[in-house]
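Comments concern the structure below.
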Amino acid sequence: MELNAKYNPSEVEDKWYAYWLKNRCFHSEPDSREPYTVVIPPPNVTGILHMGHVLNNTLNDVLVRKARMDGKNACWVPGTDHASIATESKVVAKLKAQGISKEDLTREEFLKHAWEWKEEHGGIILNQLRKLGASCDWDRTRFTMEPELSDAVISTFCHFYKKGLIYRGVRMVNWDPVGLTAVSDEEVIHKDTKSHFYHLRYYISDGKGKASDKYLVIATTRPETIMADAAICVNPADERHHWLKGKKVIIPLINREIPVIEDDYVEMDFGTGCLKVTPAHDAHDYEIGLRHNLPVLDIIDDHGRLNEKAQILVGEDRFEARKKIVKMLQDAGNLEKIEEYTSPVGYSERTDAVIEPKLSAQWFLKMDALAARALDSVESGEVKLIPDKYRNTYRHWMENVHDWCISRQLWWGQRIPAYYLPDGQVVVEETPQKALEAAQKINPAYTAASLRQDEDVLDTWFSSWLWPISVFDPAHPGHPGHRPNADLSYYYPTNDLVTGPDILFFWVARMIMAGNEFMDRKPFGNVYLTGIVRDKLGRKMSKTLGNSPDPLELIKKYGADAVRLGMLLCSSAGNDILYDESMIEQGRNFCGKIWNSWRLVSGWSVCDAVKQPSEARAAVKWFDNKLSKTIETVQDHYSKFRISDALMAVYKLFWDDYCSWYLEIVKPAYGQDMDSATYDATVDFFEKLLKLIHPIMPFITEELWHSISPRKEGQTIMFERSPKAGPYRQDFLDAFELAREVVIGVRGVRAQKQISPREALRLFIDGEVSPEVLPVIVKLGNVSSIETGAAGGQAASFIVGTLKCSVPLKGFVDTAEEKAKLESELEYQRKFLAGVRAKLGNVNFVSHAPEAVVATERKKESDALARIEAIGEALKALEQ
RNA sequence: GGGAGCUUAGCUCAGUUGGUUUAGAGCGUCUGCCUUACAAGCAGAGGGUCGGGGGUUCGACUCCCUCAGCUCCCACCA
């Protein structure tokens with residue numbers, strides 16, 4: 001096959017991806033082989049590919065392709081997540097742009113729009129993953145809200161309800177006034193936010209509801225909530241405030257009377273020591289309210305606006321109201337002072353709205369028992385977190401977990417299967433039919449019309465925690481007595497999970513809980529937590545900063561293989577990645593290198609009459625050993641999830657060892673034929689290298705593998721076996737390494753003296769070199785002869801290990817310069833020797849240190865002595 | 001406020017139970033090369049007292065303490 005002078009990734013990539021699909025290379029069915037299973041962290045159904053996905057899915061694909069080539073039955077299940085709040089807010093925004101308000105629609109109408117949106121935009125991201133080369137089993141593509149998976153979610157709810165772990169209650173929850181839903185604690189992000197501390201005067205009541213001239217001062221960050229105040233609270237031990245005992249104070253502006261109460265909760269040395277208690281709008285205040293039987297007055301509506309109970313500023317947004325009420329308080333003489341103040345404020349993860357603590361009825365899942373078991377799964381090592389520093393974080397979270405608020409006031413998602421009866425009772429059943437049956441057991445007169453289903457849907461994570469189970473057997477979760485189907489029995493538990501640490505609790509921990517609950521075992525063995533992709537300056541990638549490159553553009557420009565390699569280059573687990581396009585350039589350059597090396601090799605002509613040159617024989621033997629050793633290293637890296645190390649080892653093996661050394665040695669002179677032994681070995685090495693690289697760069701390796709020799713239709717490098725490491729001779733590798741260093745020394749002399757590489761030089765070596773590798777020095781050093789001993793007269797010399805090498809160079813050598821160089825080297829060696837001898841002279845060292853260490857020091861000593869002697873001789877020779 | 005982690009060459013990072021490492025890699029930098037696979041390349045070179053200080057040890061990048069800086073997670077001082 002004729003090769004283009006340049007590698008053209010886009011042509012090649014589309015061709016092979018189509019080929020793989022056509023031959024169903026990614027599809028897996030249970031068989032007798034060992035399974036290797038991975039489920040994709042399902043991206044949002046309407047999402048588009050960003051660099052984080054690229055990193056994650058590249059890693060996933062490398063692991064999957066590697067496992068496949070190791071002979072395992074690899075199965076990577078793709079799919080998408082319905083992402084209830086994210087998708088719903090997108091649909092709401094789209095409708096708004098069309099002049100349609102969600103409130104004007106019925107639930108059914110809205111869902112119709114949402115499904116339309118999903119059909120239109122859903123799954124784009126899965127097509128984008130194909131561009132990256134992801135070898136997902138597309139026949140198994142799942143969606144968390146497809147009917148079967150939704151059914152699984154509903155039965156899961158029923159399962160936990162009947163187990164008594166799910167309850168409904170009025171609690172202080174995190175309310176998102178933009179998303180118009182409650183969110184879980186995990187979906188609240190606390191950010192330090194600059195605000196003000198307002199010191200307000202509350203006048204003491206004269207007992208007749210009128211203000212006296214005495215007052216106390218409270219400090220608050222939320223003056224707009226004073227209308228909802230239920231009390232003023234002080235610490236009972238605070239003597240400054242004893243005079244307030246039993247008094248009542250007047251809320252400014254609205255002149256409502258509230259009591260002064262005492263509670264230990266109040267810190268004496270914070271603020272003024274007086275706390276305004278607003279049970280409806282602060283979680284602690286709510287607790288205090290419960291203890292003291294205070295009324296709850298909710299003055300903020302779902303949108304974050306003051307309602308009519310506030311009496312004043314009705315209809316104003318909470319932040320507008322804050323500004324206005326400050327002015328009003330000032331005018332009324334109640335504002336004592338304003339301080340600058342920075343405090344943590346909770347924001348909604350999805351909408352970035354400031355979270356409003358709000359009292360409402362929600363569904364919760366009890367977490368204690370689930371968390372305890374999930375903690376054990378990690379502590380016992382059943383599930384490994386990589387890197388393991390996340391174990392600490394994980395433990396901390398699991399030991400301090402709160403009940404999970406699982407209801408959302410949204411429509412896009414699985415609707416809670418709770419049905420309210422006219423008598424106030426509630427039945428929880430998987431279907432309306434079953435619910436009716438249950439209801440009729442309570443009262444046979446009930447009809448379908450008597451049942452009112454809960455309006456809320458479930459948190460997205462309440463469906464995605466089933467993912468590793470439900471993608472294989474959707475009916476399974478929550479069904480007592482249900483036997484796992486063939487797929488689930490074979491593929492579960494999955495092997496590795498690659499995901500970001502940001503969803504360790506949202507998703508990973510909860511999958512472990514669900515796995516334990518429904519399968520009685522872990523959902524995966526290893527969790528590889530990637531870093532977050534940041535820009536060169538360490539900033540998170542975001543649309544507003546415009547620092548987030550479009551992966552598809554990059555793939556178009558550099559090729560998918562280049563993008564994959566670029567991302568992996570700096571992907572040590574858990575470390576954030578500072579993305580820079582130059583990494584992808586490096587990937588592209590590597591593609592070019594691979595391509596060109598095959599152009600060279602494939603262009604050689606072979607003649608059986610040619611005998612194998614001695615340097616080629618040495619090179620073949622050396623590379624064979626080197627290959628084995630490197631494969632061993634690479635396997636070790638993979639087994640420890642050190643993907644970038646594995647990649648770098650392969651990269652250097654190909655570029656440095658194979659191209660720069662091996663090919664340069666065996667390369668025949670221009671126009672000359674090559675012997676067949678060397679040629680066959682060279683091609684064999686090349687093919688093995690392609691197989692080693694394939695998991696990382698699937699496209700170019702497939703292309704060239706087909707170029708090596710014609711393959712049958714359907715054959716692919718994907719199913720070739722990973723090259724195995726054979727035994728290798730370290731002593732031979734060392735001997736070759738010595739020769740390599742001699743060559744570098746000779747080249748160094750040329751560079752320094754500006755002697756053309758074409759001019760052959762004589763080389764003197766004083767010391768022992770394996771005769772096998774001498775021809776290598778001759779060829780790559782362009783040496784006319786290698787003689788033993790030292791070059792007399794003017795010569796450039798260098799030391800390799802304990803070898804003294806010299807190149808006679810009449811007329812090229814500046815004696816003084818050469819002498820200075822040698823002398824500085826001599827001084828360095830003497831210092832080094834002194835250091836070693838000091839160590840060896842220390843009785844404690846010799847008696848305490850292990851023998852091997854002492855032996856090493858002795859070797860260092862003798863080597864240094866040899867070098868010093870060699871340098872001395874070189875100096876002597878210079879003086880002649 | 002609590003917890004975890006990080007600080008090694010210009011940049012990004014390795015350094016695996018303290019001694020075969022007189023501290024490594026990739027990229028970048030510098031010098032010389034259009035050498036008939038590749039200038040997206042080839043050859044060569046320079047570059048770090050391992051954040052500061054103290055300690056343990058025969059021996060510390062590696063263990064302990066302390067200080068400084070950075071990052072992340074958790075958290076209800078209004």
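Letters A, B, ... are given to chains in the order of the sequence lines, protein chains preceding strands, and every chain is numbered from 1.
Taking atom C1' in both rU62(B) and rU57(B), one finds a spacing of 13 Å when rounded to whole Å. One P atom belongs to rG28(B), the other to rU66(B), and the distance between them is 43 Å to the nearest Å. For the P atoms, the distance from rC6(B) to rC58(B) is 28 Å, rounded to whole Å. For the C1' atom pair drawn from rU8(B) and rG3(B), the interatomic distance equals 26 Å after rounding to whole Å. Comparing the P positions of rG47(B) and rA37(B) gives a spacing of 35 Å, expressed to the nearest Å. Taking atom C1' in both rG15(B) and rC50(B), one finds a spacing of 10 Å when rounded to whole Å. As rounded to the nearest Å, rC77(B) and rA4(B) have C1' atoms that lie 24 Å from one another. When the P atom is compared between rA25(B) and rA9(B), the two are found 14 Å apart, to the nearest whole Å.
Taking a pair as Watson-Crick or G-U wobble with both distances under 3.5 Å, RNA chain B forms stems of 3 or more consecutive pairs at B:1-7 with B:68-74, B:10-13 with B:24-27, B:29-33 with B:41-45, B:51-55 with B:63-67.
Partners of Asn596(A) under the side chain to side chain contact (heavy atoms under 4.5 Å, CB included) rule, at least two apart in sequence or in another chain, are Arg599(A).
OP1 or OP2 of rA14(B) has at least one side-chain nitrogen or oxygen of Asn575(A) nearer than 4.0 Å. Side-chain N/O atoms of Arg588(A) include none lying less than 4.0 angstrom from OP1 or OP2 on rA40(B). The phosphate of rG41(B) has OP1 or OP2 within less than 4.0 Å of a side-chain N or O from Asn589(A). Checking the phosphate oxygens (OP1, OP2) of rA43(B), a side-chain nitrogen or oxygen of Ser660(A) falls inside 4.0 Å.
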Under 3.5 Å, N/O pairs linking protein and nucleotides 47-50 of chain B:
none

So which protein N/O to nucleotides 55-65 of chain B N/O distances come out below 3.5 Å?
from, atom 1, to, atom 2, distance (Å)
rC58(B), O2', Asn842(A), ND2, 3.1

Mind listing the N/O atom pairs, protein and nucleotides 16-18 of chain B, below 3.5 Å?
none

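Which of rA40(B), rG44(B), rA37(B) sits closest to the side chain of Lys6(A) comes down to rA40(B).
In this structure, Gly587(A) reaches neither bases nor backbone, as no heavy-atom distance under 4.0 Å exists between it and the strands shown. Here Leu578(A) lies in heavy-atom contact (under 4.0 Å) with sugar-phosphate atoms only. Among the atoms of the strands shown, none is found under 4.0 Å from any heavy atom of Arg222(A). Across all strands shown, Ile744(A) has heavy atoms under 4.0 Å from sugar-phosphate atoms exclusively, and none from any base. Contacts of Ser597(A) with the nucleic acid, taken as non-hydrogen atoms under 4.0 Å apart, include base atoms. Tyr265(A) comes within 4.0 angstrom of a nucleotide base, judged by non-hydrogen atoms across all strands. At a threshold of 4.0 angstrom between heavy atoms, the contacts of Val266(A) include nucleobase atoms, whether or not backbone atoms are also involved. Among the heavy atoms of the strands lying under 4.0 Å from Tyr341(A) are primed sugar atoms or P, OP1, OP2 only; no base atom is included. Counting any heavy atom pair closer than 4.0 Å across all strands shown, Cys591(A) reaches no nucleic acid atom. Across all strands shown, Asp576(A) has heavy atoms under 4.0 Å from sugar-phosphate atoms exclusively, and none from any base.
Summarising the geometry, atom CG belonging to Asn844(A) is positioned 5.0 Å from atom OG belonging to Ser847(A); distances are rounded to the nearest 0.5 Å. For the atom pair CD1 (Ile218(A)) and CZ (Arg201(A)), the distance works out to 12.5 Å, reported to the nearest 0.5 Å. Taken from CG in Leu554(A) to CE in Met51(A), the straight-line distance is 5.5 Å, to the nearest 0.5 Å. Interatomic distance, Ile258(A) CD1 to Tyr202(A) OH, rounded to the nearest 0.5 Å: 6.0 Å.
For rA43(B), its base never sits under 3.5 Å from the side chain of Glu664(A) at any donor and acceptor pair.
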So Glu340(A) and Lys194(A), salt bridge (charged side-chain N to carboxylate O under 4.0 Å, His left out) or not? Walk me through it. CA-CA 7 Å; Glu340(A) 295 289 318; Lys194(A) 267 193 180 173; 5.7 Å; no

Stepwise side chain to side chain donor-acceptor pair (under 3.5 Å) check, Gln730(A) with Asp734(A): CA-CA 6 Å; Gln730(A) 186 60 45; Asp734(A) 291 341; 3.0 Å; yes

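In this structure, Gln752(A) atom CD and rG44(B) atom P are separated by 13 Å, rounded to whole Å.
Between Phe505(A) and Asp282(A), it is Phe505(A) whose nearest contact on RNA chain B lies nearer the 5' terminus. Mapping Leu275(A) and Tyr7(A) onto RNA chain B via the closest heavy atom, the residue that lands nearer the 5' end is Tyr7(A).
A 6.0 Å sphere centred on NZ of Lys384(A) holds no more than 12 heavy atoms belonging to other residues, nucleotides or ligands.
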Across nucleotides 22-27 of chain B, 5' to 3', mark each nucleotide with B, S or - according to how protein heavy atoms within less than 4.0 Å reach it. B--SSS

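Put simply, the side chain of Arg588(A) does not reach to within 4.5 Å of the side chain of Ile584(A), judged on heavy atoms.
Among Thr225(A), Asp282(A), Thr220(A), Asp285(A), the one residue that satisfies the side chain to side chain donor-acceptor pair (under 3.5 Å) test with Lys276(A) is Thr225(A).
The shortest non-hydrogen separation linking Glu857(A) to Val836(A) is O-CG1, 3.4 Å.
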